[in-house]
Undergrad: 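What follows is a structure written as C-alpha cells; I'll ask about it next.
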Amino acid sequence: MDFVTGLRCRECGRTYPAEALHVCDFCFGPLEVDYDYEAIAAHITPESIAAGPRTIWRYADLLPVNERAPVDLGAGFTPLVRADRLAAELGLGELWIKDDTANPTGSFKDRVVSVALTKARQLGFKVAACASTGNLANAVAAHAARAGMSSIVFIPYDLETAKIVTTAVYGGQLVAVQGNYDDVNRLCAELTSERPTWAFVNVNIRTYYAEGSKTLAFEIAEQLGWDAPDHVVVPVASGSQLTKVKKGFQELVRVGLLPEGSQVRISGAQATGCSPVATAFAEGSDHVRPVKPSTIAKSLAIGNPADGWYALKAVRESGGSFAAVTDDEVIEGIRLLARTEGIFAETAGGVTIASLVKLVSEGVVRPDERVVALVTGHGLKTIEALVGHVGPTATILPTLEAFDEAVQLQP
Ligand SMILES: *Cc1c(COP(=O)(O)O)cnc(C)c1O
Ligand SMILES: [Zn+2]
C-alpha cells in the first residue's frame with residue numbers, strides 16, 4: 001500500500017487523483033504528489049527502513065508507488081564517502097561525496113526512472129519514453145528492458161559516444177534528433193499528446209519521476225546516522241533534482257526522522273555555457289531567461305529548465321547560493337576529485353566539484369559546515385571531455401634504459 005493522497009497543483013493548490021497527469025487543468029501549474037504524512041509518521045521508523053532492501057525502495061513509504069516488485073535494477077543506497085583529502089585541499093572541515101556513479105547505469109537517473117516506470121507499469125503503460133540529455137536515455141532503456149516494456153528514447157544527435165552505445169545496447173528504439181535538448185523536449189511534449197499510451201517519464205509521468213530524487217536526501221540523512229548535513233551542493237539541469245532534494249529533507253522532519261528545526265542549505269551548480277538559473281540568482285531576478293547551451297557538461301545542458309524557477313526559490317529559501325563554472329574548471333574539478341578521492345565523475349560531477357571550489361572561495365560554503373557534494377554520473381560516460389588533458393606520462397620502448405630516461409619517480 002502507499003500513502004499517496006493524490007496530486008496537488010504547486011501553484012493554485014487544486015487536487016487531482018494519482019493518475020498520469022502532470023499539469024493543472026485550471027492554471028497549467030505543475031502537479032506534485034501529496035502524501036498522508038501523519039500516517040507515514042505513525043508507521044515509519046529507522047528500523048523499518050533498515051529492514052528494507054539496499055536500494056531506493058527501502059524508502060517506499062515516502063515514494064509515490066509502493067510495490068512488492070518494483071521496476072528495479074538496484075538503484076540507490078550508493079556510498080556516502082567521507083572526503084578528507086579533498087576537504088583538506090579546499091580548507092573544509094567535514095566533506096562528504098554522495099557517489100551516484102555507483103548506480104546501475106552509472107548516474108542518479110536510475111533513481112527517478114525506477115520510480116517512474118514502476119508507476120507507469122501500474123497505470124498500464126507498455127511503452128517507456130523520454131527526452132534525454134544522455135543519462136536518462138541509459139536509465140530508461142535499461143529499466144524498460146528489465147521490466148519487459150518497449151522503449152523509445154529521444155536524444156540530441158551530438159551526444160557523447162558512450163551515452164549512445166550504453167543506451168542502444170538495451171535494444172529499444174533510440175532516436176537522434178537534429179537539435180539541442182530543448183528541441184528534443186519540445187518534440188516530446190508534442191508527441192505526448194499524439195501518443196497518449198506512451199509513458200514519457202519526464203513529461204506525462206514527470207510528477208512521479210521527480211519524487212525519485214528525494215531518495216538522495218533520505219540516504220544522506222540515514223548514512224549520517226539520521227542527522228542532516230548543513231549544506232548540500234547539487235548540479236542543476238531542469239532543476240528537478242535540487243527541488244526534490246530539499247523536499248526530501250523537509251519530509252524527513254515532517255515524519256519525525258530528522259529533528260524539528262533541521263535546516264539544510266542547498267546550493268546549485270551549473271556550467272557557464274548553460275547557466276540560466278545561476279544567472280537569475282546572480283541578478284536577483286525571478287525570471288529564468290532561456291539560453292542556448294554550449295558546454296561539455298551535456299547532461300546539464302537544458303537551456304529552458306522546467307523547474308528552474310522552483311530551484312531558484314528552493315535555493316533562496318534555504319539560504320544557499322549558485323555557482324557557474326567554465327568548461328576548463330569542469331575538467332579541473334573532475335581531475336581534482338579523481339586525484340584526491342579516487343572517484344571518477346562525468347562532466348556534471350566536474351560542475352559540482354568546481355562549483356564547490358568556487359563557493360568555498362566566496363565564503364558561501366564554510367569550514368564549520370558539514371558539506372555534501374552530489375556526484376551524479378560516472379566519468380566513463382564522458383571520456384571525450386578528458387581526451388588531450390590526461391594520458392600516459394611516458395611512452396617508451398620496453399627497456400630499463402628507456403624507462404630510467406623517461407620516468408623520474410623515486411622508489
Ligand atoms: C539529469 C542530471 C542532473 C540534473 O537533473 P535535473 O533534475 O534535470 O536538474 C544532474 N546530474 C546528472 C549526471 C544528470 O544526468
Ligand atoms: Zn493550478
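Positions are given from 1, in the same order as the sequence printed here.
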Undergrad: Glu222 pairs by side chain to side chain contact (heavy atoms under 4.5 Å, CB included) with which of Leu257, Leu252, Leu80, Ile49?
TA: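 Only one of Leu257, Leu252, Leu80, Ile49 forms a side chain to side chain contact (heavy atoms under 4.5 Å, CB included) with Glu222, namely Ile49.
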Undergrad: Would you list the atom pairs, donor with acceptor, under 3.5 Å between side chains in residues 281-292 and any protein atom, with sequence neighbours excluded?
TA:
from	atom 1	to	atom 2	distance (Å)
Glu283	OE1	Arg289	NH2	2.9
Glu283	OE2	Arg289	NH2	3.2
Ser285	OG	His287	N	2.8
Ser285	OG	His287	O	3.2
Asp286	OD1	Arg316	NH1	3.0

Undergrad: Does any donor atom in the side chain of Asp110 or Thr105 lie under 3.5 Å from an acceptor atom in the other side chain?
TA: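 Asp110 vs Thr105: donor-acceptor pair found between side chains.
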Undergrad: Taking side chain to side chain donor-acceptor pair (under 3.5 Å) as the definition, give me every residue that meets it alongside Asn180, ordered by chain and number, with sequence neighbours left out.
TA: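 Not a single residue meets the side chain to side chain donor-acceptor pair (under 3.5 Å) criterion with Asn180.
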Undergrad: Got a salt bridge between Arg111 and Asp100, using NZ or NE/NH1/NH2 to carboxylate O under 4.0 Å?
TA: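 A salt bridge links Arg111 with Asp100.
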Undergrad: Check whether any side-chain heavy atom of Val253 lies under 4.5 Å from a side-chain heavy atom of Glu260, and answer yes or no.
TA: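 Yes, their side chains come closer than 4.5 Å.
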Undergrad: Is the ring centre of Phe3 less than 6.0 Å from the ring centre of His43?
TA: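 Yes, the ring of Phe3 comes within the 6.0 Å limit of the ring of His43, centre to centre.
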Undergrad: Quick one: which residue pairs count as a ring pair (Phe, Tyr, Trp, His ring centres under 6.0 Å) with a foot in residues 48-89, not counting sequence neighbours?
TA: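 Every pair satisfying ring pair (Phe, Tyr, Trp, His ring centres under 6.0 Å) with a residue in residues 48-89: Tyr59-Phe218.
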Undergrad: Does a side-chain heavy-atom distance below 4.5 Å link Ile331 with Leu386?
TA: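 Ile331 vs Leu386: side chains touch.
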Undergrad: Quick one: which residue pairs count as a side chain to side chain donor-acceptor pair (under 3.5 Å) with a foot in residues 386-396, not counting sequence neighbours?
TA: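 Of all non-adjacent pairs touching residues 386-396, none passes side chain to side chain donor-acceptor pair (under 3.5 Å).
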Undergrad: Can you check whether Leu224 reaches Pro229 side chain to side chain, under 4.5 Å on heavy atoms?
TA: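 When only atoms from C-beta onward are counted, Pro229 and Leu224 do touch, with a gap below 4.5 Å.
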Undergrad: Only one of Val372, Val364, Leu92 passes side chain to side chain contact (heavy atoms under 4.5 Å, CB included) with His231; say which it is.
TA: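 When side chain to side chain contact (heavy atoms under 4.5 Å, CB included) is applied between His231 and each of Val372, Val364, Leu92, only Val364 qualifies.
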Undergrad: In chain order, what residues pass the salt bridge (Lys or Arg N to Asp or Glu O under 4.0 Å) check against Arg370, with sequence neighbours excluded?
TA: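 Arg370: salt bridge (Lys or Arg N to Asp or Glu O under 4.0 Å) contacts with Glu94, Asp227.
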Undergrad: Report the distance from atom OG1 of Thr118 to atom OH of Tyr208, rounding to the nearest 0.5 Å.
TA: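 OH of Tyr208 is found 13.0 Å from OG1 of Thr118.
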Undergrad: In the structure I gave you, are the side-chain heavy atoms of Leu187 and Val184 within less than 4.5 Å of one another anywhere?
TA: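 A side-chain contact under 4.5 Å is absent here.
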Undergrad: Between Lys381 and Asn138, is a side chain to side chain donor-acceptor pair (under 3.5 Å) present by the stated rule, with each step listed?
TA: CA-CA 10 Å; Lys381 293 184 178 222; Asn138 294 167; 2.5 Å; yes
Undergrad: Checking Glu67 now: which residues fulfil salt bridge (Lys or Arg N to Asp or Glu O under 4.0 Å) with it, not counting sequence neighbours?
TA: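 In terms of salt bridge (Lys or Arg N to Asp or Glu O under 4.0 Å), with neighbours along the sequence ignored, Glu67 is linked to no residue.
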Undergrad: Taking side chain to side chain donor-acceptor pair (under 3.5 Å) as the test, write out the residues that go with Glu160, two or more places apart.
TA: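 Partners of Glu160 by the side chain to side chain donor-acceptor pair (under 3.5 Å) criterion come out as none, since no residue qualifies.
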Undergrad: Given side chains that start at C-beta, do those of Ile353 and Val330 come closer than 4.5 Å, heavy atoms only?
TA: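 No, too far: nothing below the 4.5 Å cut-off.
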Undergrad: Apply side chain to side chain donor-acceptor pair (under 3.5 Å) to Arg186 and list each qualifying residue two or more places apart in sequence or on a separate chain.
TA: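 Arg186 satisfies side chain to side chain donor-acceptor pair (under 3.5 Å) with Asp183 only.
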Undergrad: My understanding is that only residues two or more places apart in sequence, or in another chain, count here; which of them pass side chain to side chain donor-acceptor pair (under 3.5 Å) with Ser361?
TA: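 Side chain to side chain donor-acceptor pair (under 3.5 Å) check on Ser361 returns nothing, list empty.
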Undergrad: What pairs with Asp84 under salt bridge (Lys or Arg N to Asp or Glu O under 4.0 Å), at least two apart in sequence or on another chain?
TA: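 Asp84 satisfies salt bridge (Lys or Arg N to Asp or Glu O under 4.0 Å) with Arg82 once adjacent residues are dropped.
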Undergrad: With sequence neighbours left out, which residue pairs that include part of residues 294-305 fulfil the side chain to side chain donor-acceptor pair (under 3.5 Å) condition?
TA: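 Output for this query lists Thr295-Asp327, Ser299-Glu346.
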Undergrad: To check you understand the geometry: which heavy-atom pair defines the closest contact between Asp72 and Arg146, and what is its length?
TA: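 What the structure gives for the nearest pair is O-NE, 3.1 Å.
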Undergrad: List the steps, then state whether side-chain contact (heavy atoms from CB on, under 4.5 Å) holds for Ile155 with Thr167.
TA: CA-CA 10 Å; Ile155 54 170; Thr167 300; 5.9 Å; no
Undergrad: Can you list the residues that meet the salt bridge (Lys or Arg N to Asp or Glu O under 4.0 Å) rule with Arg10, with sequence neighbours excluded?
TA: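 Expected list: Asp307.
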